[in-house]
Amino acid sequence: MELIKAENIGKDYTVGEVMIRALDGVSFEIEPASFVSFVGPSGSGKTTLLNLIGCLDKPTQGGLTVAGTDIIGLDRKQSASFRGEHIGFIFQDFNLIPVLTVYENIEYPLLMVQSLPAKERQSRVAAVIEAVGMTNQKDKYPDQISGGQKQRVAVARALVTKPKLVLADEPTANLDHKTAYMVLELMKKMRDEFKTTFIFSTHDQKIVGEAEIIYTLEDGQLAGREVKGGSRA
């Protein structure tokens with residue numbers, strides 16, 4: 001069964017007296033444990049689409065199902081609960097909390113979103129910190145580690161809740177070439193280990209080169225789909 005099913009998705013925004021159609025009749029399906037990239041020029045609708053999939057916004061038209069749930073019908077509280085249970089987020093600016101250590105940043109969603117008991121929190125955090133190779137840095141603060149290490153922490157934080165889906169908006173934009181590839185390889189390793197689907201919105205050709213399924217958006221419409229050899233599509 002598909003993890004995500006979008007049917008004729010449309011999204012309109014009003015800016016002043018002008019209506020802007022950010023997405024126009026977009027349909028696709030994404031399977032579990034996929035490594036997918038949405039690409040296209042600025043204004044093509046990539047980030048808007050990620051926001052819809054992530055329950056941060058609602059489409060103007062169409063149907064959207066994630067993990068077997070019609071997310072369009074969820075109210076604000078239900079949407080927040082669904083995100084906390086099923087979706088992780090990775091941002092280009094890392095979005096780590098500066099006054100929290102590496103360990104505390106990763107633990108944060110377990111405290112604030114899932115309210116897990118201390119023993120289970122400790123077990124989960126220890127597992128993902130080890131998986132991303134940050135055990136020796138766990139007591140440092142974000143301003144004491146490199147950009148690549150910050151993104152490793154962001155990956156661990158996104159995965160600690162055991163989501164079915166991770167949404168990554170330009171996750172390598174602030175990383176150098178070598179570090180970006182290291183983070184992408186880490187994400188693939190995490191996908192294989194946890195069977196999590198990763199979906200990227202990006203201009204970065206490094207991500208495009210590593211993605212197994214590539215959707216191209218142009219002017220809010222789906223202009224193409226490429227499936228690479230060996231992908232899970």
Side-chain angles (χ1 to χ4, degrees), residues 3-4 32-36 50 53-56 66-69 71 74 76-172 174-175 179-200 210:
L3 178 65
I4 301 169
S34 296
F35 212 69
V36 180
L50 252 63
I53 294 171
C55 295
L56 297 172
V66 178
T69 298
I71 61 173
L74 302 180
R76 181 174 296 183
K77 185 176 180 180
Q78 290 169 332
S79 294
S81 177
F82 184 85
R83 285 194 301 272
E85 186 71 24
H86 297 290
I87 304 175
F89 295 88
I90 301 173
F91 306 94
Q92 71 180 69
D93 294 323
F94 318 125
N95 281 17
L96 302 181
I97 301 172
V99 297
L100 299 183
T101 64
V102 165
Y103 184 99
E104 290 166 342
N105 265 281
I106 296 171
E107 183 186 35
Y108 187 77
L110 298 180
L111 285 165
M112 300 303 294
V113 179
Q114 295 193 346
S115 302
L116 293 182
K119 188 174 182 179
E120 185 171 353
R121 290 200 312 271
Q122 292 165 4
S123 175
R124 284 205 199 181
V125 174
V128 293
I129 284 182
E130 182 178 0
V132 301
M134 290 294 291
T135 302
N136 293 336
Q137 311 292 327
K138 67 183 179 66
D139 295 323
K140 291 186 176 181
Y141 291 90
D143 64 357
Q144 296 175 316
I145 59 178
S146 69
Q149 289 173 324
K150 290 176 184 176
Q151 200 58 297
R152 285 173 174 263
V153 176
V155 171
R157 181 183 59 188
L159 290 170
V160 76
T161 59
K162 297 185 177 180
K164 294 181 173 66
L165 171 65
V166 170
L167 302 176
D169 192 4
E170 298 286 3
T172 56
N174 291 328
L175 304 178
T179 303
Y181 275 117
M182 290 175 61
V183 170
L184 285 170
E185 286 303 311
L186 172 63
M187 291 179 184
K188 281 193 170 181
K189 176 186 173 185
M190 298 295 95
R191 186 279 307 273
D192 293 339
E193 183 172 346
F194 297 109
K195 307 305 178 188
T196 303
T197 290
F198 281 81
I199 300 179
F200 303 91
E210 295 296 318

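Since we're looking at a predicted model, the values are computed, not measured.
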Decide yes or no for Val66 and His86: does some side-chain heavy atom of the first lie under 4.5 Å from some side-chain heavy atom of the second? no

What I'd like to find out is whether the side chain of Arg83 reaches to under 4.5 Å of the side chain of Leu56, using heavy atoms alone. yes

Can you check whether Tyr181 reaches Glu210 side chain to side chain, under 4.5 Å on heavy atoms? yes

Residue pair Val160 / Pro109, side-chain heavy-atom distance below 4.5 Å: yes

Rounded to the nearest 0.5 Å, how far apart are CD of Gln122 and OH of Tyr103? 5.0 Å

Under a 4.0 Å threshold between the charged nitrogen and the carboxylate oxygen, would Lys189 count as salt-bridged to Glu193? no

Quick check: are there more than 12 heavy atoms from other residues, nucleotides or ligands sitting under 6.0 Å from CD of Glu130? no

Heavy-atom closest pair (Gly148 atom, Thr179 atom, distance to 0.1 Å) is CA-CG2, 3.2 Å

The reported gap from CD in Gln151 to CG in Asp93 (rounded to nearest 0.5 angstrom) is 9.5 Å

Can you confirm whether Met187 sits close enough to Pro171 that some side-chain heavy atom of one is under 4.5 Å from a side-chain heavy atom of the other? yes

What distance separates Leu3 CG from Thr197 OG1, expressed to the nearest 0.5 Å? 5.0 Å

Test of understanding: with side-chain hydrogen bond (donor to acceptor under 3.5 Å, both in side chains), list the residues that count as partners of Ser123, not counting sequence neighbours. none

Taking all non-hydrogen atoms of both residues into account, name the closest pair between Leu74 and Ser79 and its distance. CB-OG, 3.5 Å

Parallel, tilted or perpendicular, as decided by the 30° and 60° cut-offs, for the rings of Phe200 and Phe35: perpendicular

Nearest-0.5 Å distance that lies between atom CG in Leu159 and atom CZ in Arg157: 11.0 Å

Begin with the C-alpha distance, continue with both residues' side-chain angles, and end with the deciding distance and a verdict on side chain to side chain contact (heavy atoms under 4.5 Å, CB included) for Val153 and Met134. CA-CA 7 Å; Val153 176; Met134 290 294 291; 3.9 Å; yes

To the nearest 0.5 Å, what is the distance between CD on Gln144 and CD on Gln149? 11.0 Å

So which heavy atom on Lys150 is nearest to which on Pro142, and how close? CE-O, 2.8 Å

Taking every heavy atom of Leu116 against every heavy atom of Arg121, the minimum-distance pair comes out as O-NH1, 2.7 Å

Roughly how far, to the nearest 0.5 Å, is the SG atom of Cys55 from the CD1 atom of Ile87? 4.5 Å

Over all atoms of both residues, closest heavy-atom pair of Val99 and Tyr141: O-CE2, 3.3 Å

Tell me, please, which residues at least two apart from Leu100 pass side chain to side chain contact (heavy atoms under 4.5 Å, CB included). Ile97, Glu104, Asn105, Tyr108

Salt bridge (charged side-chain N to carboxylate O under 4.0 Å, His left out) filter on Lys140, not counting sequence neighbours, yields none

Work out which heavy atom in Pro163 is nearest to a heavy atom in Thr196; give both atom names and the distance. O-OG1, 3.4 Å

